[in-house]
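Read through the structure below, which is laid out as structure tokens, and then see the notes.
Naming: A, B, ... by sequence-line order, numbering from 1 per chain.
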Amino acid sequence: MPEGHTIHRAALDQRKMLAGKVLTVTSPQGRFSAGAEELSGQTCTAIEAYGKHLLYHFQLGSALHIHLGLYGQFRTAKAPPSEPRGAVRVRLLSDTHVVDINGPNTCEILDQAGLNALTNRIGPDVLREDADPEKAWAKIKASRVSIGQLLMDQSVIAGIGNIYRTEILWRQKLHPKLPGKSLDRTSFNRIWADAVALLQLGVKHNSIITVEKMAKSKSRYRERVNIFAKETCPACRSEIRKFEMAARRVFSCNTCQVPPEI
DNA sequence: TTGATTGTTACCGG
DNA sequence: TCCGGTAACAATCA
């Protein structure tokens, strides 16, 4: 479900529902082993997205750390809470709203040391003001790994997922198999700027949109991306190639994105 | 019921 | 040390 835009959007939405309020933290189905009660009754002081990670900070200094993985999702509703839907690991309840966290990959309580460890292992997040692109560039220009893989490596650059990597590389006319070290600085700058723009648009609309102009009547999902899971390149009508990269599917147009010579 | 999936980590071997 | 490959895990939806 989530690429980085989903988590940043969730942070925006949930701030209004939970931040600055005393929360009741429960695990209605007993699926949270690390002691949600520890946080219950504390004020949630801040909600912060970091790449695909979401942090709920609490007044005594620890934080609830959530990573949704491939399948997890947030379900939000107005109070009073109703019966949990699906597998709810944690339920956060304020005076006005309920946030259920279903099926997250990670669901744990972090102290300050844990928070530091987390932020140190994540690369610059394209959606954060404090992101330093130089850190990403330093790793990319030194790596013989393909740019398609590097864009998915959250320790290199945070927030981009499988759909955005395909779409960004197509938009920038770069083949996914190009080695990181073969990119020039201009290409990297374009990738970074495009990632920022596309993910910001994703936050705004709460969905992935990578086409330049989208007719209102064509707002169905398949019409919002250029080549992801498509058959034909919208620019040159060539056949879209599909292949695997680190066990994830990638798409490219070998006309618009010239493959590297082997 | 089956299969696919917008993700990550651990571990192994070259 | 780097990097590719594999398995494991998660829950939902079409």
Side-chain angles (χ1 to χ4, degrees), chain A residues 1-10 27-34 49-54 65-75 84-91 100-108 110 114 117-123 125-127 138-170 176-182 195 198-203 205-211 220-230 242-251 262:
Chain A
M1 194 70 180
E3 301 210 24
H5 72 288
T6 311
I7 309 304
H8 280 261
R9 172 60 181 251
S27 183
Q29 298 158 342
R31 289 164 167 270
F32 188 52
S33 56
Y50 213 116
K52 301 173 186 174
H53 302 254
L54 191 63
H65 170 213
I66 300 295
H67 191 293
L68 292 183
L70 201 49
Y71 316 115
Q73 57 181 269
F74 301 109
R75 292 185 202 273
R85 267 213 289 160
V88 177
R89 294 280 287 282
V90 180
R91 165 168 280 186
D100 282 346
I101 300 164
N102 287 52
N105 194 334
T106 302
C107 180
E108 62 184 358
L110 292 181
L118 176 67
T119 51
N120 283 336
R121 76 179 165 82
I122 301 175
D125 174 356
V126 295
L127 283 175
K139 287 186 178 172
I140 289 170
K141 76 177 179 188
S143 177
R144 52 193 162 92
V145 175
S146 67
I147 187 62
Q149 302 231 33
L150 290 167
L151 289 187
M152 290 280 284
D153 185 339
Q154 302 298 302
S155 69
V156 172
I157 182 169
I160 296 171
N162 202 26
I163 296 178
Y164 279 125
R165 77 134 162 212
T166 279
E167 292 290 309
I168 290 168
L169 290 174
W170 179 84
K177 287 184 177 171
L178 286 170
K181 57 170 39 176
S182 75
L198 289 180
L199 269 79
Q200 282 180 350
L201 194 67
V203 170
H205 294 281
N206 207 8
S207 70
I208 298 173
I209 301 165
T210 62
V211 295
R220 284 169 305 143
Y221 173 76
R222 299 273 292 186
E223 307 300 331
R224 297 182 180 190
V225 296
N226 294 292
I227 67 166
F228 190 88
K230 300 231 176 193
K242 173 184 173 181
F243 51 97
E244 297 260 319
M245 214 174 223
R248 308 300 303 279
R249 54 191 181 143
V250 193
F251 301 85
I262 308 298

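The NZ-C1' distance, from K181(A) to dC3(C), rounds to 13 Å in whole Å. As rounded to whole Å, 10 Å separates atom C1' of dC9(C) from atom CZ of R89(A). Separating the CD1 atom of I66(A) from the P atom of dA11(C) is a distance of 12 Å, rounded to the nearest angstrom. Regarding Q149(A), its CD atom lies at a distance of 12 Å from the C1' atom of dC2(C), rounded to whole Å. The CD atom of E244(A) sits 15 Å away from the C1' atom of dA7(C) (whole-angstrom rounding). Per the geometry, CZ belonging to F228(A) stands 14 Å off P belonging to dA4(B), to the nearest Å. Atoms CD1 (I168(A)) and P (dT6(B)) sit 15 Å apart, rounded to a whole Å. When rounded to the nearest whole Å, the span between CZ of R85(A) and C1' of dC13(C) equals 12 Å.
Residues V145(A) and G72(A) both approach DNA chain C. Their nearest nucleotides, taken by heavy-atom distance, put V145(A) toward the 5′ side. Across the interface with DNA chain C, nearest-nucleotide mapping of A247(A) and A142(A) shows A142(A) to be the residue nearer the 5′ end.
Qualifying side-chain hydrogen bond (donor to acceptor under 3.5 Å, both in side chains) partners for T106(A), counting only residues two or more places apart in sequence or in other chains: none. Take K141(A) and apply the side-chain contact (heavy atoms from CB on, under 4.5 Å) test, not counting sequence neighbours, and it matches W137(A). In this view, N105(A) satisfies the side-chain hydrogen bond (donor to acceptor under 3.5 Å, both in side chains) rule with no residue, not counting sequence neighbours. By the ring-ring contact (aromatic ring centres under 6.0 Å, His included) test, Y164(A) pairs with H5(A), sequence neighbours left out. Every residue two or more places apart in sequence or in another chain that forms a side-chain contact (heavy atoms from CB on, under 4.5 Å) with S182(A) is listed here: L178(A), P179(A). Residues that satisfy the side-chain contact (heavy atoms from CB on, under 4.5 Å) test with Q154(A), not counting sequence neighbours, are K52(A), A158(A). Checked against salt bridge (charged side-chain N to carboxylate O under 4.0 Å, His left out), D153(A) has no partners two or more places apart in sequence or in another chain. Listed by chain and residue number, T6(A), I7(A), L68(A) satisfy the side-chain contact (heavy atoms from CB on, under 4.5 Å) test with P2(A) (two or more places apart in sequence, or in another chain). Listed by chain and number, the residues in a side-chain hydrogen bond (donor to acceptor under 3.5 Å, both in side chains) with H65(A) are H53(A), E108(A) (sequence neighbours excluded).
Here the side chain of R89(A) pairs a donor or acceptor atom with the backbone of P104(A) at under 3.5 angstrom.
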Contact list (N/O, under 3.5 angstrom) for nucleotides 12-14 of chain B vs protein:
none

Below 3.5 Å is the cut-off: list the nitrogen or oxygen pairs between protein and nucleotides 7-10 of chain B, distance only.
unit_1, atom_1, unit_2, atom_2, d
dG7(B), OP1, K52(A), NZ, 2.7
dG7(B), OP2, N162(A), N, 3.2
dG7(B), OP2, R248(A), NH1, 3.1
dG7(B), OP2, R248(A), NH2, 2.8
dG7(B), O4', L70(A), N, 3.3
dG7(B), N2, N105(A), ND2, 3.0
dG7(B), N3, N105(A), ND2, 3.4
dT8(B), OP1, H67(A), NE2, 3.0
dT8(B), OP2, K52(A), NZ, 3.1
dT9(B), OP1, R121(A), NH1, 2.6
dT9(B), OP1, R121(A), NH2, 3.4

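Note on S207(A): every side-chain N or O is 4.0 Å or more away from OP1 and OP2 of dT6(B). Within the 4.0 Å cut-off from OP1 or OP2 of dT6(B), at least one side-chain nitrogen or oxygen of R249(A) is found.
When heavy atoms are screened at a 4.0 angstrom cut-off, T106(A) is found touching no nucleic acid atom at all.
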Intra- and inter-strand pairs of DNA chain C in dot-bracket (Watson-Crick or G-U wobble, both distances under 3.5 Å; | for another strand): .||||||||.||||
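Rounded to the nearest 0.5 angstrom, I227(A) CD1 and K242(A) NZ are separated by 13.0 Å.
No side-chain donor-acceptor contact under 3.5 Å links Q73(A) and N102(A).
For the C1' atoms, the distance from dG5(C) to dT6(B) is 23 Å, rounded to whole Å.
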